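I have placed the structure first, in the form of structure tokens, so that the comments after it can refer back to it.
What you see is a predicted model; the values in this text were computed from it and never measured. Heavy atoms only: backbone and side chains are in, while hydrogens, waters and symmetry mates are out.
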Amino acid sequence: MPALMLPEEIEALFTREDGSYAFARWGRPIAPIVFGVADETLAIVKGAVEAVVTLAGHQMAETDPELGTNLMFFFFRDWEELLEVPDLDRMIPGLAPLVNRLSTEEASQYRAFRFDDEGAIKAAFVFLRMKGEMAQVPAETLALTQAVQVMLLWSERAFSEVSPLAVLPENGNTILRPEIAGVIAAAYDRMMPVAAHDASHALRLFARLQGPAPDQQEHTT
């Protein structure tokens, strides 16, 4: 089947605002933990992560031998609440000025990544301010969107105009867009590198999109 995206469209997904190409995927099993939500939402978030991990052909784990947990989701109402989280300033250097900037900008979300010696993702932190429009998003949609955005090191602009999700008109169910599902699956091909800084990497992803599309992960909202 033909590829769902052109090489230049794939390249744009990993091109930073300064014009550089930066790609990374997880190099170890993902061990998530979620703070600030009820048990029901906790299960939804972990289920979304597991769905995207399965799509990628990657692995989940109960714990990370080095870090304990390596994917942390924080749900809160005001950025200043992060300053009260024990030891968070040790995991996020410059936490106080970051909180001040995000609060001033009235940002709704922020992600931070840590990388190993090979450039692969070894930890990620997802911060979600549940106010305004963000608080109105269905839990399943929010969880799947965040799981997708933390699975790879995407460009800051990758999903600024178009969501990685789509709604099926026949039943209203939310799915991961086929082209984005394809890129994730291709990125985790065992023959692909865990990190790349040359745009030719996008051509290799494109080549892998010529094959059958991966199974879609569907969530009802």
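- In this structure the side chain of Arg111 reaches within 4.5 angstrom of the side chain of Gln146, judged on heavy atoms.
- Under a hydrophobic-cluster definition in which Ile, Leu, Val, Met, Phe, Trp and Tyr are linked whenever side-chain heavy atoms come within less than 4.5 Å, directly or via other members, Met151 and Phe115 are assigned to the same cluster.
- A side-chain hydrogen bond (donor to acceptor under 3.5 Å, both in side chains) check over residues 29-43, counting only residues at least two apart or in different chains, returns nothing.
- Between Leu142 and Met130 there is a side-chain heavy-atom pair separated by less than 4.5 Å.
- Nearest heavy-atom pair across Val49 and Met60 is CG1-SD, 3.7 Å.
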Checklist entry - Between Val194 and Asp116, does a side chain to side chain contact (heavy atoms under 4.5 Å, CB included) hold up when you go through it step by step? => result CA-CA 10 Å; Val194 296; Asp116 63 21; 5.5 Å; no

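- Annotation for Val183 and Leu209: closest pair N-CD2, 3.7 Å, computed over non-hydrogen atoms.
- If you chain together hydrophobic residues whose side chains sit under 4.5 Å apart, Leu67 and Phe73 never meet in one group.
- The heavy-atom pair separating Ala147 from Val52 by the smallest distance is CB-CG2, 3.8 Å.
- Qualifying side chain to side chain contact (heavy atoms under 4.5 Å, CB included) partners for Val167, counting only residues two or more places apart in sequence or in other chains: Thr174.
- Applying the salt bridge (Lys or Arg N to Asp or Glu O under 4.0 Å) test to residues at least two apart or on different chains, the pairs with a partner in residues 183-198 are Asp189-Arg208.
- Val150 and Ile92 are members of different hydrophobic clusters when ILVMFWY side chains are connected at heavy-atom separations under 4.5 Å.
- Arg129 contributes no side-chain N or O that, together with a main-chain N or O of Met134, makes up a donor-acceptor pair within less than 3.5 Å.
- Residue pairs meeting the salt bridge (Lys or Arg N to Asp or Glu O under 4.0 Å) criterion with at least one partner in residues 147-164, sequence neighbours excluded, are Arg16-Glu156.
- In this structure, the side chains of Tyr110 and Glu105 stay at 4.5 Å or more apart for every pair of heavy atoms.
- Interatomic distance, CD1 of Ile184 versus CD of Glu179, reported as 10.5 Å (0.5 Å rounding).
- Taking Glu133 as the reference, nothing meets the side chain to side chain contact (heavy atoms under 4.5 Å, CB included) condition, with sequence neighbours excluded.
- Here the closest non-hydrogen pair linking Leu205 and Ala186 is CD2-C, 3.8 Å.
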Taking distance alone, no hydrogens or angles, what donor-acceptor pairs closer than 3.5 Å link side-chain atoms of residues 117-127 to residues at least two apart or in another chain?
none

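- Taking CG from Leu165 and CG from Leu144, the interatomic distance works out to 4.5 Å, rounded to the nearest 0.5 Å.
- Between Val37 and Val45, the closest side-chain pair of non-hydrogen atoms is not below 4.5 Å.
- Ile180 and Leu203 are assigned to two separate hydrophobic clusters, defined by single-linkage of ILVMFWY side chains at heavy-atom distances under 4.5 Å.
- Counting only residues at least two apart or on different chains, the ring pair (Phe, Tyr, Trp, His ring centres under 6.0 Å) pairs with a member in residues 144-171 are Phe14-Trp154, Trp154-Phe159.
- Using a 4.5 Å heavy-atom cutoff, the side chains of Leu95 and Val85 are not in contact.
- Within the structure, ring pair (Phe, Tyr, Trp, His ring centres under 6.0 Å) pairs that include any residue of residues 164-189 comprise His58-Tyr188 (at least two apart or interchain).
- Counting only residues at least two apart or on different chains, the side-chain hydrogen bond (donor to acceptor under 3.5 Å, both in side chains) pairs with a member in residues 22-34 are Arg28-Asp64, Arg28-Glu66.
- Clustering of Ile, Leu, Val, Met, Phe, Trp and Tyr side chains at separations under 4.5 Å leaves Val162 isolated, with no partner residue.
- Scanning both residues, Ala187 and Met192, for their nearest heavy atoms gives O-CB, 3.9 Å.
- In this structure, the separation between CG on Leu168 and CD1 on Ile175 is 4.5 Å, given to the nearest 0.5 Å.
- The heavy-atom pair separating Leu152 from Phe113 by the smallest distance is O-CZ, 4.1 Å.
- Every pair passing side-chain hydrogen bond (donor to acceptor under 3.5 Å, both in side chains) that includes a residue from residues 80-91 is listed here, sequence neighbours excluded: Glu80-Ser103.
- Phe76 and Val137 end up in different hydrophobic clusters when Ile, Leu, Val, Met, Phe, Trp and Tyr side chains are linked at under 4.5 Å.
- For the side chain to side chain contact (heavy atoms under 4.5 Å, CB included) test, residues two or more places apart in sequence or in another chain that qualify with Thr69 are Ile33, Met72.
- Note that CH2 of Trp79 is 7.5 Å distant from OG of Ser108, once rounded to the nearest 0.5 Å.
- Taking 4.5 Å as the limit, some side-chain heavy atom of Lys131 sits within range of a side-chain heavy atom of Asp78.
- The main-chain N or O of Ile30 is never found under 3.5 Å from a side-chain atom of Asn70 such that the two would form a donor-acceptor pair.
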